[in-house]
Amino acid sequence: MEQNISYSGVVLDEGSVKLLKRAASRFGMPEGFEFKTQKGKPLPHHMTITMGPLIHKKGKHDFSEAYPVGSEVELPVVAIGIDERTMAVKVQPPSEVSKNISFPHVTIAVNQDGGGKAEHSNEIPEENFQPLTGILLRGTVEEVPQ
């Protein structure tokens, strides 16, 4: 039986999650923001490579060579940003990600009371980002089931 893949991404290791939580605290995470999604899934969690599997069923994309499942990936952080709904860091992935993703990022926290959802990270305005260097995230490529 074939599994339905929700998204493919670099799932962060525990040390990287702790680094991002500390960065959020230093940056000034506003009241009401939480390190979890509205469905209760913990944040920060991953950088999305593409929605669905690494290899598109109809051949529209194939990220499997650049991001083999199970491979370890390093993601240098380049900026941190926030708006009224979400907080995220921009990262510099080793290879391209889907063109449907506004910019490579990891969602850190969401403002659930303000209607924030993890996917709103894609909409944080460019001018809301500040440079942030010296943080290297690590994770493993996974195809995450629905």
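Fair warning: this is a prediction, and the values are worked out from it, not measured in the lab.
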Requested in this report: Could you pull out the closest heavy-atom pair between Thr48 and Ile101, with the gap in Å?
Outcome: O-CD1, 3.4 Å
Report summary line: d(Met87 CE, Met29 CE) to nearest 0.5 Å is 6.5 Å
Query - Same apolar cluster: Phe103 and Val73, side chain cutoff 4.5 Å - result: no
Query - Partner set under side chain to side chain donor-acceptor pair (under 3.5 Å) for Asn128, not counting sequence neighbours - result: none
Query raised in the report: Just by distance, do the side chain of Ser16 and the backbone of Arg138 share a donor-acceptor pair under 3.5 Å?
Result: yes
**Report entry** Glu127 atom CD, neighbour heavy-atom count above 12 within 6.0 Å
**Finding:** yes
Query raised in the report: Shortest non-hydrogen contact from Met47 to Val91?
Result: SD-CG2, 3.6 Å
Query raised in the report: Same hydrophobic cluster for Ile55 and Tyr67, using side-chain heavy-atom links shorter than 4.5 Å among ILVMFWY?
Result: no
Query raised in the report: Is there a donor-acceptor pair under 3.5 Å between the side chain of His61 and the backbone N or O of Pro53?
Result: yes
Query raised in the report: Are Val17 and Val11 co-members of a hydrophobic cluster defined by side-chain heavy atoms under 4.5 Å apart?
Result: no
Query raised in the report: Could you give the distance from CE (Met51) to OG (Ser8), rounded to the nearest 0.5 Å?
Result: 9.0 Å
Query raised in the report: Counting only heavy atoms not in Glu14, do more than 12 sit closer than 6.0 Å to its CD atom?
Result: no
Query raised in the report: Transitively linked via ILVMFWY side-chain contacts under 4.5 Å: Ile124 with Val89?
Result: no
**Report entry** Main-chain N/O of Phe33 paired with Asn111 side-chain donor or acceptor, under 3.5 Å
**Finding:** no
Query raised in the report: Checking side-chain contact (heavy atoms from CB on, under 4.5 Å) for the pair Val141/Ile49: CA distance, chi angles, key distance, verdict?
Result: CA-CA 9 Å; Val141 175; Ile49 298 166; 4.1 Å; yes
Query - Glu65, CD atom: more than 12 neighbouring heavy atoms under 6.0 Å - result: no
Report task. Answer yes or no: is there a donor N or O on one side and an acceptor on the other, between the side chain of Glu142 and the main chain of Gly9, under 3.5 Å? Result -> no
Query raised in the report: Is there a path from Val69 to Val10 through hydrophobic residues (I, L, V, M, F, W, Y) whose side chains come within less than 4.5 Å of each other?
Result: yes
Requested in this report: May I have the step-by-step check of side-chain contact (heavy atoms from CB on, under 4.5 Å) for Asn122 and His105, ending in yes or no?
Outcome: CA-CA 8 Å; Asn122 287 298; His105 67 278; 3.1 Å; yes
Query raised in the report: Does a sphere of radius 6.0 Å around NZ in Lys21 hold more than 12 heavy atoms from other residues, nucleotides or ligands, not counting ones at 6.0 Å or beyond?
Result: yes
Query raised in the report: If you measure from CG on Leu54 to CG on Asp62, what distance do you get to the nearest 0.5 Å?
Result: 8.0 Å
Query raised in the report: Closest approach of Glu74 and Pro76, non-hydrogen atoms and distance?
Result: O-CD, 3.7 Å
Query raised in the report: Any side-chain heavy atom of Leu43 within less than 4.5 Å of one from Thr37?
Result: yes
Query raised in the report: Can you say whether the rings of Tyr7 and His46 are parallel (under 30°), tilted (30 to 60°) or perpendicular (over 60°)?
Result: parallel
Requested in this report: Could you tell me whether the side chain of Ser98 and the main chain of Thr50 form a donor-acceptor pair under 3.5 Å?
Outcome: no
Requested in this report: Taking all non-hydrogen atoms of both residues into account, name the closest pair between Thr86 and Lys117 and its distance.
Outcome: CG2-O, 3.1 Å
Query raised in the report: Around Glu96, counting heavy atoms of other residues, nucleotides and ligands shown, do more than 12 lie under 6.0 Å from its CD?
Result: no
**Report entry** Leu12 CG to Thr140 OG1 distance, which is reported to the nearest 0.5 Å
**Finding:** 9.5 Å
Requested in this report: Would you give the length of the straight line joining atom CD of Glu34 to atom CG of Asp113, rounded to the nearest 0.5 angstrom?
Outcome: 7.0 Å
Report task. State, to 0.1 Å, how close Phe27 and Ile82 come at their nearest heavy-atom pair, and which atoms those are. Result -> CE2-CG2, 3.7 Å
**Report entry** Intermediate values then yes/no, side-chain contact (heavy atoms from CB on, under 4.5 Å), Val106 and Leu137
**Finding:** CA-CA 10 Å; Val106 176; Leu137 306 177; 4.1 Å; yes
Query - Basic-acidic side-chain contact under 4.0 Å: Glu126, Lys90 - result: yes
Requested in this report: Rounded to the nearest 0.5 Å, what's the gap from CG on Asp13 to NZ on Lys18? Could you check?
Outcome: 10.0 Å
Report summary line: Residues Thr107 and Ser121: closest non-hydrogen pair is OG1-OG, 2.7 Å
